[in-house]
Student: 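This structure is in structure tokens; I'll ask about it shortly.
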There are 2 protein chains.
Amino acid sequence: MIKEKAELQADECPFQAAMDLLSGKWTMSIINNLMAGTLRFKQLERAVTGINTRMLVKELKLLESKGLVHRQAYATVPPTVEYSLTERGRLLQPVIVAVQEWSVREM
Amino acid sequence: MIKEKAELQADECPFQAAMDLLSGKWTMSIINNLMAGTLRFKQLERAVTGINTRMLVKELKLLESKGLVHRQAYATVPPTVEYSLTERGRLLQPVIVAVQEWSVREM
DNA sequence: CAGGATCCCCCATGATACTG
DNA sequence: CAGTATCATGGGGGATCCTG
């Protein structure tokens, strides 16, 4: 079985694989906000400046499927859903902090 | 004058502004490779697994315009062009290192 | 409140061929 | 070698309305 080009990249280079996952327009901002702790959907939507509902839903599903974000739903009325980082997600803290510091200084 | 939404984001939030700049599919990988030192165009093209000429040219121009990469051309035959990080670009090292470490562990 | 469902569009990304 | 020029495309991203 011959591999696709994109597959090859990700396979052979963990760095590129990581960036394939993290380089979404909103990905890092979402993770950044969740670093502070658990947030509800609406809180996240307000925290991530400029994002819209559809993209937030989409990104959260992706991050959940990749095991970076944990989703906790409560059967209340109205619904309550809380998002938090998994251990794997929390391990990104050094990355977030580094970007944070660079951005404050250079942007 | 009322500002566009995208403009507001970048203005108000340095983190988001930084990610707007860095979240390209190839951006971090290019910077990562340049961390090691100066590289010629062809060397970069080989180093950044999977990229094609057009994208590399485009990214390099962007990074140059943002003051992260320095371009040095020599009037030789055939042409020689060397790319290196500026001081501002080198300040991204903590970010690169953090991604690197996470990727090796988690990807 | 937390999403689903749609419609839409532009641009990032890609492949290929060509040149000083 | 270091690009430029073209053409093509898909999906990332957005806006809006709807619902359990």
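Residue numbers start from 1 in every chain, and the chains themselves are labelled A, B, ... in the order their sequence lines are given, proteins ahead of strands. Values below: all heavy atoms of this structure, side chains included; hydrogens, waters and symmetry mates excluded.
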Student: Run through DNA chain D and report every stem of 3 or more consecutive Watson-Crick or G-U pairs, distances under 3.5 Å, ordered by first number.
Tutor: C:1-20 with D:1-20
Student: B:Arg40 has a side chain; which of D:dG3, C:dA2, D:dC1 sits nearest to it?
Tutor: D:dC1
Student: Return all side-chain donor-acceptor pairs below 3.5 angstrom for residues 66-75 of chain A, not counting sequence neighbours, or 'none' if the list is empty.
Tutor:
{"unit_1": "A:His70", "atom_1": "NE2", "unit_2": "A:Gln72", "atom_2": "OE1", "d": "3.3"}
{"unit_1": "A:Tyr74", "atom_1": "OH", "unit_2": "A:Glu82", "atom_2": "OE1", "d": "3.4"}

Student: Please report, to 0.1 Å, the donor-acceptor pairs under 3.5 Å made by any side chain of residues 33-42 of chain A, with sequence neighbours excluded.
Tutor:
{"unit_1": "A:Asn33", "atom_1": "ND2", "unit_2": "A:Ser29", "atom_2": "O", "d": "2.8"}

Student: Tell me, do B:Thr49 and A:Gln16 make a side-chain contact under 4.5 Å, heavy atoms counted?
Tutor: no
Student: Could you list the residues that satisfy side chain to side chain contact (heavy atoms under 4.5 Å, CB included) with A:Ser65, not counting sequence neighbours?
Tutor: A:Leu62
Student: Strictly below 4.0 Å, heavy-atom distances to any atom of DNA chain C: list the hits from residues 64-81 of chain B, or just say none.
Tutor: B:Pro79
Student: Can you list everything that forms a side-chain hydrogen bond (donor to acceptor under 3.5 Å, both in side chains) with A:Gln93? Sequence neighbours excluded, please.
Tutor: none
Student: Got a sec, which residues hit side-chain hydrogen bond (donor to acceptor under 3.5 Å, both in side chains) with B:Glu59, two or more places apart in sequence or on another chain?
Tutor: B:Thr27
Student: In chain order, what residues pass the side chain to side chain contact (heavy atoms under 4.5 Å, CB included) check against B:Ser103, with sequence neighbours excluded?
Tutor: A:Pro14, A:Phe15, A:Ala18, B:Met107
Student: I'd like to check the side-chain hydrogen bond (donor to acceptor under 3.5 Å, both in side chains) partners of B:Glu45; sequence neighbours left out, ordered by chain and number.
Tutor: B:Thr53
Student: Of the candidate nucleotides C:dA2, D:dA2, D:dG13, which contains the atom at the shortest distance from the side chain of A:Lys42?
Tutor: C:dA2
Student: Whether A:Tyr83 contacts C:dG3 is assessed here as follows: a side-chain N or O lying under 4.0 Å from the phosphate OP1 or OP2. Is that the case?
Tutor: yes
Student: Could you give all pairs that pass the salt bridge (Lys or Arg N to Asp or Glu O under 4.0 Å) test and reach residues 85-96 of chain A, with sequence neighbours left out?
Tutor: A:Glu87-A:Arg90, A:Arg88-B:Glu106
Student: With a 4.0 Å heavy-atom cut-off, tell me which residues in residues 54-63 of chain B come close to DNA chain C, sorted by residue number.
Tutor: B:Arg54, B:Met55, B:Lys58
Student: Does A:Val99 reach the side chain of A:Ile96, with side-chain heavy atoms less than 4.5 Å apart?
Tutor: no
